[in-house]
Amino acid sequence: MKVTAGVILIIAAIVNIFASLGYLAGGTVATSMSSGVTSAAAAEKAPNVNKAASEVASGLAKSGGIALLVGIVILIAAGLMIAGAVMCFMDKNAGIILAAAILAIVAELLGMYMTNFGVMNLPGLVAGVLAYLASSSIKNSEAAPA
């Protein structure tokens with residue numbers, strides 16, 4: 001089960017790396033568009049246009065910032081998931097595997113919050129559950145006298 005957890009953690013980490021790159025790119029585009037909308041509104045002389053553009057720019061900046069933050073968190077989670085997979089293969093350090101399990105589930109919940117539930121969320125959720133079981137198995141084997 002530990003090897004299975006490690007393999008699925010690596011698969012989920014690869015999926016999350018690509019997802020985080022998408023969130024980072026989307027957040028960057030949204031925040032840069034907000035500055036473009038602001039500068040375009042400044043060129044207009046009508047006060048109604050400036051007010052509406054300011055609201056649009058504020059919404060773009062907020063959503064872009066959230067997407068950037070989620071992308072960074074998912075990228076960090078993917079790195080820890082790879083470390084957790086290595087620890088599953090080595091059959092030691094249950095703490096890192098537990099942290100990887102928790103972050104795998106958190107990363108998938110963040111992804112579901114940003115979009116919605118999809119098939120690509122399943123590897124992370126399954127990896128989180130299996131990694132949790134593997135960490136408790138390793139913790140029990142470390143606690144048992146040799």
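- Evaluation of the side chain to side chain contact (heavy atoms under 4.5 Å, CB included) rule for I14 yields I10, F18 as partners, not counting sequence neighbours.
- At a threshold of 4.5 Å between side-chain heavy atoms, the hydrophobic network of Ile, Leu, Val, Met, Phe, Trp and Tyr places L130 and V86 in two separate groups.
- Closest heavy-atom contact between A13 and I82: CB-CG1, 3.6 Å.
- M1 and I138 are assigned to two separate hydrophobic clusters, defined by single-linkage of ILVMFWY side chains at heavy-atom distances under 4.5 Å.
- Two different hydrophobic clusters hold V15 and V7 under the rule that ILVMFWY side chains link at heavy-atom gaps under 4.5 Å.
- Taking every heavy atom of both residues into account, I97 and G84 meet most closely at CG1-O, 3.6 Å.
- The two residues A127 and I8 make their nearest non-hydrogen contact at CB-CG2, 3.6 Å.
- The two atoms that bring A101 and A131 nearest to each other are CB-CB, 3.6 Å, heavy atoms only.
- Side-chain contact check for M120 versus T115: every heavy-atom pair is 4.5 Å or farther apart.
- The minimum heavy-atom distance linking C88 with L9 is given by the pair SG-CD1, 4.4 Å.
- The hydrophobic cluster containing I76 also contains L24, counting ILVMFWY residues as joined when their side-chain heavy atoms lie under 4.5 angstrom apart, directly or transitively.
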For residues 59-72, please give each side-chain donor-acceptor pair under 3.5 Å, one per line with the distance, not counting sequence neighbours.
unit_1, atom_1, unit_2, atom_2, d
S63, OG, G59, O, 3.1
S63, OG, L60, O, 3.1

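- Take L103 and apply the side chain to side chain contact (heavy atoms under 4.5 Å, CB included) test, not counting sequence neighbours, and it matches A77, L80.
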(message) Under the criterion side-chain contact (heavy atoms from CB on, under 4.5 Å), I'd like the reasoning laid out for M114 against I74: C-alpha separation, chi angles, the key distance, then a yes or no.
(response) CA-CA 12 Å; M114 292 297 287; I74 291 177; over 6 Å; no

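- The distance from the CD1 atom of I96 to the CE atom of M87 is 4.5 Å, given to the nearest 0.5 Å.
- Scanning all heavy atoms of the two residues, the minimum distance from A94 to K139 falls at CB-N, 4.0 Å.
- Sorted by first then second residue, the side-chain hydrogen bond (donor to acceptor under 3.5 Å, both in side chains) pairs that include residues 16-33, not counting sequence neighbours, are N16-E108.
- One hydrophobic cluster holds both L109 and F117 under the rule that ILVMFWY side chains link at heavy-atom gaps under 4.5 Å.
- Among pairs with a residue in residues 119-138, none fulfils salt bridge (charged side-chain N to carboxylate O under 4.0 Å, His left out), at least two apart in sequence or across chains.
- Within the structure, the side-chain hydrogen bond (donor to acceptor under 3.5 Å, both in side chains) test picks out no pair touching residues 123-136 (sequence neighbours left out).
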